[in-house]
A.B. asks: 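First, the structure itself, so that you have it in front of you.
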Amino acid sequence: MSARRRYWLMKSEPDCFSIDHLAQVGTEPWTGVRNYQARNFMRNGMRSGDGVLFYHSNCTPPGIAGVATVASEAYPDPTQFDRASPYFDPKATHEEPRWFNVDVRFERKLSRTIPLEEIRRHADDLGDEFALIKRGSRLSVLPVSAAQWALLLSLE
DNA sequence: GCCAACGTTGGC
DNA sequence: GCCAACGTTGGC
């Protein structure tokens, strides 16, 4: 019984963690997500093998820089328990962890970054509900439909 | 660096 | 449960 492969988009600031960094290390825990909606997508929605669009945010130009694969089920984000970490959460306990992460494996870097500005031009095809281009949306982990996945990668 | 939009916190 | 204040995100 295996569910169909799902697709996601995950944002990272390249100064902090970039597609090139992921290419070097191969697989990396995607820690530090501190938003409940994003957490729920990771914890409840992601399965090993799902596709990930690696998005570079807060840079010039922002856009999709690569493709990765979900490489684990979600598990408690260890940084929430680490007092030395900027992601430390004093309200989290091992008995009741608040934050979860998956491991993400490098797949490939795109031949070019697909800029957000260009993605916006396909708003009609991507749909009003696509969180990446929804006005004011800051969601850092968001679902991508199979059709959106195909469309976005066709822009490469 | 600016700032709009958003999510979270905490007083009441 | 309301909502003002605050901190953060992330495009520009």
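We name chains A, B, ... by the order of the sequence lines, and we start the count at 1 in each one.
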A.B. asks: What I want to check is whether the side chains of A/Trp8 and A/Asp50 have a donor and an acceptor closer together than 3.5 Å.
C.D. replies: yes
A.B. asks: In whole angstrom, what separates A/Glu118's CD from C/dG11's P?
C.D. replies: 15 Å
A.B. asks: If we count only N and O atoms by modelled type, under 3.5 Å, do the side chains of A/Ser57 and A/Glu13 hold a donor and an acceptor together?
C.D. replies: no
A.B. asks: Does the pair A/Gln80 and A/Arg34 meet the rule for a side-chain contact (heavy atoms from CB on, under 4.5 Å), with working shown?
C.D. replies: CA-CA 9 Å; A/Gln80 71 194 304; A/Arg34 294 294 181 267; 3.8 Å; yes
A.B. asks: Looking at A/Lys91 and A/Glu96, is there a salt bridge between them, counting it only when a charged N and a carboxylate O are closer than 4.0 Å?
C.D. replies: no
A.B. asks: Starting from C1' on C/dG10, measure out to CE on A/Met10 and report it in whole angstrom.
C.D. replies: 17 Å
A.B. asks: Expressed in angstrom and rounded to an integer, what is the separation of A/Lys134 atom NZ from C/dG10 atom C1'?
C.D. replies: 18 Å
A.B. asks: Any N/O pairs under 3.5 Å between the protein and nucleotides 7-9 of chain B? List them or say none.
C.D. replies:
{"unit_1": "B/dG7", "atom_1": "O4'", "unit_2": "A/Arg138", "atom_2": "NH2", "d": "3.3"}

A.B. asks: Can a salt bridge be assigned to the pair A/Asp89 and A/Arg98 using a cut-off of 4.0 Å between side-chain N and carboxylate O?
C.D. replies: yes
